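The structure appears below as structure tokens.
Chain identifiers are assigned alphabetically (A, B, ...) following the order of the sequence lines, protein sequences preceding nucleic acid strands; residue numbering begins at 1 within each chain. Just so it is clear, the values below take in all heavy atoms, side chains as well, and ignore hydrogens, waters and symmetry mates. All values derive from a computational prediction rather than experimental measurement.
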There are 2 protein chains.
Amino acid sequence: MSLDAVLDKLDSDLDDALERLMALLRLPSISTDPAYKEDCAKTADALVADLASIGFEATARPTPGHPMVVAHGGEGGPHLLFYGHYDVQPVDPLNLWDQPPFEPIIEERPEGKVIRGRGAADDKGQLMTFIEACRAWVAVNGALPCRITIFLEGEEESGSPSLVPFMKENAEELTCDLALICDTGLFDPETPAVTTMLRGLLGQEITITGPDRDLHSGSYGGAAMNPIRVLARVLASLHDETGRVTVPGFYDGVPEIDAQISEQWEGLGFDDDAFLGAVGLSEPAGESGRSVLEMLWSRPTCEINGISGGYEGDGFKTVLPSKASAKVSFRLVGTQDPIAIRESFQQMVTDMLPADCEVDFHDHGASPASVMSTDNPAFEQARQALSDEWPKEAAFIGAGGSIPVAGYFKSILGMDSMLIGFGKDDDLIHSPNEKYDLSSFHRGMRSWARVLERVSKGA
Amino acid sequence: MSLDAVLDKLDSDLDDALERLMALLRLPSISTDPAYKEDCAKTADALVADLASIGFEATARPTPGHPMVVAHGGEGGPHLLFYGHYDVQPVDPLNLWDQPPFEPIIEERPEGKVIRGRGAADDKGQLMTFIEACRAWVAVNGALPCRITIFLEGEEESGSPSLVPFMKENAEELTCDLALICDTGLFDPETPAVTTMLRGLLGQEITITGPDRDLHSGSYGGAAMNPIRVLARVLASLHDETGRVTVPGFYDGVPEIDAQISEQWEGLGFDDDAFLGAVGLSEPAGESGRSVLEMLWSRPTCEINGISGGYEGDGFKTVLPSKASAKVSFRLVGTQDPIAIRESFQQMVTDMLPADCEVDFHDHGASPASVMSTDNPAFEQARQALSDEWPKEAAFIGAGGSIPVAGYFKSILGMDSMLIGFGKDDDLIHSPNEKYDLSSFHRGMRSWARVLERVSKGA
């Protein structure tokens, strides 16, 4: 096995790799919108074909939702499972995109080239870094460095409804020695990271109904209860004056981070002002007395992700609406129990309703936080491999986002996960004009080649 | 002049009158949506043609928005101005209509026939009651009973931006002895009414901006300010626990109703339970200690008419949005000053903003309440005329809705207004499936014939 030759191959084939990624980005695999069901299936099929072309035994497996891609290859050494997702977020508001979101472009910018389009960073660009590393390894050495199973999901952006049943039904096939997940970011543009703490996610949609039809606010205003007013009161009560979430029992299972981790985080030199300033903000909005890194990595949150009710068009309409709704999500840490919090939240909202109002709840996923044990020597091997590729030494960090699959790998398959990704804070994932730096893509595939080399030989 | 012959003519020509109304309802004159600009112009032209056909000197007058219809006819006696509006509310949510909103139908119901379609009650059906009364009068008597100017607006449902400038520019032409306005309701199905108290209306759209772009709630949640959370807090603070509006100075100029009016209202036997029960409610939602009629007629309100922000589509998107907005309206009474309240509201909202948030205000009209003096003998003549037509004696009542034009007639043209209309509480104005009872239409035109007869002869 020659690592240098693999790295050279990745360098010389970069243009071809980029063209493969662009083709994948042109497929509008929006999993949350039923209108794109066929496009999700086509995306899975394209990945199956690509994996088969480099020697994997690859299949698209049907589910009640979008298909899973499962591929097996290699022999000997540790058996690694690689996870990524081929589905993407919706694209609205479409008018804020500088180009059609599924017509990706390479853009020259002062800091280097970027790949711009929906899914560039989340997660098609990231999952292709691993596939390209495998492709180069096979091209140079004739085979993968160890046994590898690739597992790509098509429902990550829509709450993963098929993931747990599929994992349970195929537990034997999917259980490996260690999972690799590529859906996280660098610590900063020069510092790679292995993410060892991930927040969980609880999603709830609430719809409050007052009068049984829309009313004229002149004829009924004052006497009839307005559900937007009730909704505003409910939502405004979710945080207290210090920024803490008020749902009863919410902080059960929220640990204080230990001194060692705290010290390591302080040593990272995270720049609060630069992080917030990049999106037009100056003051952290979370719990008083907490650092920005704590707010993002180790503290739970409650966010309102959407709100809707009454007349939302141009102009004015003096309607007193029948219904108003909001989408609320909670990021969870430590051992917070999403099911207990869901019940407590629903009780709290129900208790706040005035006479004549009703509430309906719609569930959108409930996954606990994941905290990885870094005792497995593969973690240190990966940290070394990443440090070899990037200007600065790699760090073990937390992440604000939720990657529920890591929790399921542990609870269902008994498997640890190592989260390594190359995204940057300014990638605009989930937003218009999403991008992935060409340097993330290029160094990402080189990083995986290095990680595979070290982990497969166990040193 | 023969009143009986006019009434007979209205009875015998009812089918033709209905056909004329249906033709008018087929024109989608939604004033708030620029897409219907041409349809509004066609509606004005149709009314001009109809008025010309019965001897009025009628014209459609251009404005920066939709045209005004002005028509003059008759000679001698008091000079009356009749006001109505030919524009209608938007139709969304379209899926809740039982038929296309601009394909009106006559529906047989247990309680009688109804005319169903957008604008049937607000205000095309109502304004046609007056025009039909004029048509019958001319047909039977060869001329109108007195001098009449008809003034029809096309922007009533979109804040009347052209009304005041037009009224000022054409003050001499529009100033009459008394204005008649047909845009209100019966007190109950058997009791007609002259509305003498009208609430004013202040409309404000507020947009709160936090981060300068939409963010991923995983990457930024906790640390970045969410504008929906800020908006919810602002809106939840607009009422206190007793239902009073908290905008500083809001209750300046809100009078207690005098004992005589209060007694008259109590005598009306208004059924709170039936009124609220008809729309699925059981408890009045306004200020504690006030009757439902006070909440609707003599107390000011604050309503949220629309709210919007973040992801509102199907499924879930963990976005932390850049902007959130709401449309807020205030119904005003007594001598409350809309301009002072607008300033106080804007100051209150601005004072509540946390660091890094900005607010933009967009004005949507500001009109004071109108309280008519019933000293003019025409009020008692009209009350007698209505009592002659309907099963029960007519009442002087208040109305929760706002008809700013009555205030402008007084302040700009020095003219009192007499508000007489035939709408019912279940007409679903501003809602899907708007309707107007055929009995309202028929008795409405007969009522105007009677009012014109009494007022024109001054007894």
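- Within the 4.5 Å cutoff, the side chain of A:Lys317 has no heavy atoms near those of the B:Asn305 side chain.
- Interface residue B:Asp92: backbone and side-chain heavy atoms are both found under 4.5 Å from chain A.
- Side-chain contact between B:Ser217 and A:Thr301 is absent, with no heavy atoms from C-beta onward closer than 4.5 Å.
- Chain A forms the most heavy-atom pairs under 4.5 Å with one residue out of B:Ser329, B:Gly280, B:Ser282, and that residue is B:Ser282.
- Taking the six-membered ring where tryptophan is involved, the planes of B:Phe316 and A:His364 are tilted, since the angle between them lies from 30° to 60°.
- Contact tally against chain A (heavy-atom pairs below 4.5 Å) for B:Ser31, B:Gly185, B:Ala278: the top residue is B:Ala278.
- Of the listed residues (B:Ala232, B:Gly365, B:Ser219), the one with the most heavy-atom contacts under 4.5 Å to chain A is B:Ala232.
- Using a 4.5 Å cut-off on side-chain heavy atoms (C-beta onward), A:Asp427 and B:His216 make no contact.
- Using a 4.5 Å cut-off on side-chain heavy atoms (C-beta onward), B:His430 and A:Val319 make no contact.
- Neither the backbone nor the side chain of A:Asn433 comes within less than 4.5 Å of any heavy atom of chain B.
- In this structure, chain A has a heavy atom under 4.5 Å from the side chain of B:Pro321, while its backbone stays farther away.
- With chain B as the partner, the residue from A:Val292, A:Leu231, A:Leu215, A:Leu235 showing the most heavy-atom pairs under 4.5 Å is A:Leu215.
- In terms of heavy-atom pairs under 4.5 angstrom with chain B, the leader among A:Gly286, A:Pro300, A:Ser308, A:Pro284 is A:Ser308.
- Residue A:Asp272: no heavy atom, backbone or side chain, is found under 4.5 Å from chain B.
- Put simply, of A:Arg199, A:Met225, A:Glu205, A:Arg213, the one with the most heavy-atom pairs under 4.5 Å next to chain B is A:Arg213.
- Only the side chain of B:Leu201 comes within contact range of chain A, with heavy atoms under 4.5 Å apart.
- Among A:Glu283, A:Glu287, A:Arg229, A:Arg290, the residue with the largest count of heavy-atom pairs under 4.5 Å with chain B is A:Arg229.
- Scanning all heavy atoms of the two residues, the minimum distance from A:Pro90 to B:Tyr311 falls at CG-OH, 4.1 Å.
- No part of A:Leu293 comes within reach of chain B, as not one of its non-hydrogen atoms sits under 4.5 angstrom from that chain.
- B:Asp314 contributes atom CG, which lies 12.0 Å from atom OG of A:Ser158 (distance to the nearest 0.5 angstrom).
- Heavy atoms closer than 4.5 Å to chain A are found nowhere in B:Val245, neither backbone nor side chain.
- Contact annotation for B:Ala324: neither backbone nor side-chain heavy atoms come within less than 4.5 Å of a heavy atom of chain A.
- Heavy atoms closer than 4.5 Å to chain A are found in both the backbone and the side chain of B:Leu281.
- Across A:Ala236, A:Pro93, A:Gly310, A:Ala399, the residue that shares the most heavy-atom pairs under 4.5 angstrom with chain B is A:Ala236.
- The candidate with the highest count of non-hydrogen atom pairs below 4.5 Å against chain B, out of A:Arg233, A:Met295, A:Lys327, A:His362, is A:Lys327.
- Contact annotation for B:His239: both backbone and side-chain heavy atoms come within less than 4.5 Å of a heavy atom of chain A.
- Residue B:Ser431 holds its OG atom at 5.5 Å from CG of A:Asp214, rounded to the nearest 0.5 Å.
- For B:Glu157, the part sitting under 4.5 Å from any heavy atom of chain A is the backbone (N, CA, C, O) and nothing else.
- For chain A, the nearby part of B:Gln204 is the backbone; its heavy atoms alone come within less than 4.5 Å.
- Looking at B:Arg331, only its side chain comes within 4.5 Å of chain A, counting heavy atoms on both sides.
- For the set B:Thr32, B:Ile307, B:Ile228, B:Asp212, the count of heavy-atom pairs under 4.5 angstrom toward chain A peaks at B:Ile307.
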